[in-house]
Amino acid sequence: QVQLEESGGGLVQPGGSLRLSCTASGRFLSINRMGWYRQAPGKERELVSLITSGGITNYPVSVKGRFTISRDNTKNAVHLQMNSLEPEDTTVYYCKAVVQVDFRTSLQYYWGQGTQVTVSS
């Protein structure tokens, strides 16, 4: 089983910054992709950013230029630096990891429990 532990959410004023972190633990061979998603009440979960094991990143237009994802493979961790935050960024953010658990099974994906980000004056 793989566990994802998130941290770094909180309350920030518009224009401010927050840094989210997510660390994977448990028994697995490797982590393929890691990413951040967010989900507002009544809406579908949407991609915020994604990073592959090789460091290739992907961002939707809504956060490009403001958010930066990074990864520390030695610690099985992914970070999301969020700058120039807007009230529209307020919601719960979830970490996702796509994991090779062992040689016999296909890639599995796991979610963190979510961390609240609130942007308000």
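This structure is a prediction, so every number in the text was calculated from the model and none was measured.
- Transitive grouping of hydrophobic side chains (ILVMFWY, heavy atoms separated by less than 4.5 Å) keeps V92 and Y110 in distinct clusters.
- Across all non-hydrogen atoms, the minimal contact from V2 to V99 is CG2-CG1, 4.1 Å.
- In this pair, Y37 and W111 present their aromatic rings perpendicular. The plane angle is above 60°, beyond the 30 to 60° band.
- Summarising the geometry, atom CD belonging to Q81 is positioned 9.5 Å from atom CZ belonging to F67; distances are rounded to the nearest 0.5 Å.
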Requested in this report: For the pair V63 and R38, evaluate side-chain contact (heavy atoms from CB on, under 4.5 Å) and give the outcome as yes or no after the intermediate values.
Outcome: CA-CA 12 Å; V63 307; R38 63 188 182 186; 4.0 Å; yes

**Report entry** side-chain contact (heavy atoms from CB on, under 4.5 Å) between I31 and V78, intermediate numbers included
**Finding:** CA-CA 11 Å; I31 301 176; V78 63; over 6 Å; no

**Report entry** Full working for side-chain contact (heavy atoms from CB on, under 4.5 Å) between V61 and K64
**Finding:** CA-CA 5 Å; V61 171; K64 202 166 189 177; 5.6 Å; no

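- Cluster membership for L85 and Y94, using ILVMFWY side-chain heavy atoms within less than 4.5 angstrom, is not shared.
- In this structure, E6 contributes its side chain and T23 its backbone to no donor-acceptor pair below 3.5 Å.
- Q1 contributes atom CD, which lies 12.5 Å from atom CZ of R27 (distance to the nearest 0.5 angstrom).
- A donor-acceptor pair under 3.5 Å links the side-chain atoms of R66 to the main chain of S84, judged by distance alone.
- In this structure, the side chain of T91 engages the main chain of A40 through a donor-acceptor pair within 3.5 Å.
- Counting only heavy atoms from C-beta outward, the side chains of L11 and S120 approach each other to under 4.5 Å.
- Panel note: side chain S21, backbone H79; no donor-acceptor pair is recorded below 3.5 Å.
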Report task. Assess whether side-chain contact (heavy atoms from CB on, under 4.5 Å) is satisfied between M82 and V117, documenting all intermediate values. Result -> CA-CA 10 Å; M82 304 186 294; V117 170; 3.9 Å; yes

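- The closest side-chain heavy-atom distance from T68 to Y59 is below 4.5 Å.
- Within 6.0 Å of CD on Q116 lie more than 12 heavy atoms contributed by other residues, nucleotides or ligands.
- One distance of note links CZ of R71 with CG of N76; it measures 8.0 Å at 0.5 Å rounding.
- Once rounded to the nearest 0.5 Å, the distance linking CZ of R19 with CG of L80 reads 9.5 Å.
- Of the possible polar contacts, none joining the T115 side chain to the Y93 backbone as a donor-acceptor pair under 3.5 Å is found.
- Hydrophobic clustering (side-chain heavy atoms under 4.5 Å, transitive across Ile, Leu, Val, Met, Phe, Trp, Tyr) groups V101 together with L4.
- Connection of L20 to L47 is not established within any shared hydrophobic cluster, with ILVMFWY side chains joined at heavy-atom distances below 4.5 Å, either directly or through further cluster members.
- Among all heavy-atom pairs drawn from I69 and M34, the shortest one is CD1-O, 4.0 Å.
- Between the side chains of N83 and S17, at least one donor N or O sits under 3.5 Å from an acceptor N or O.
- Smallest separation of non-hydrogen atoms from Q108 and T105: NE2-CB, 4.5 Å.
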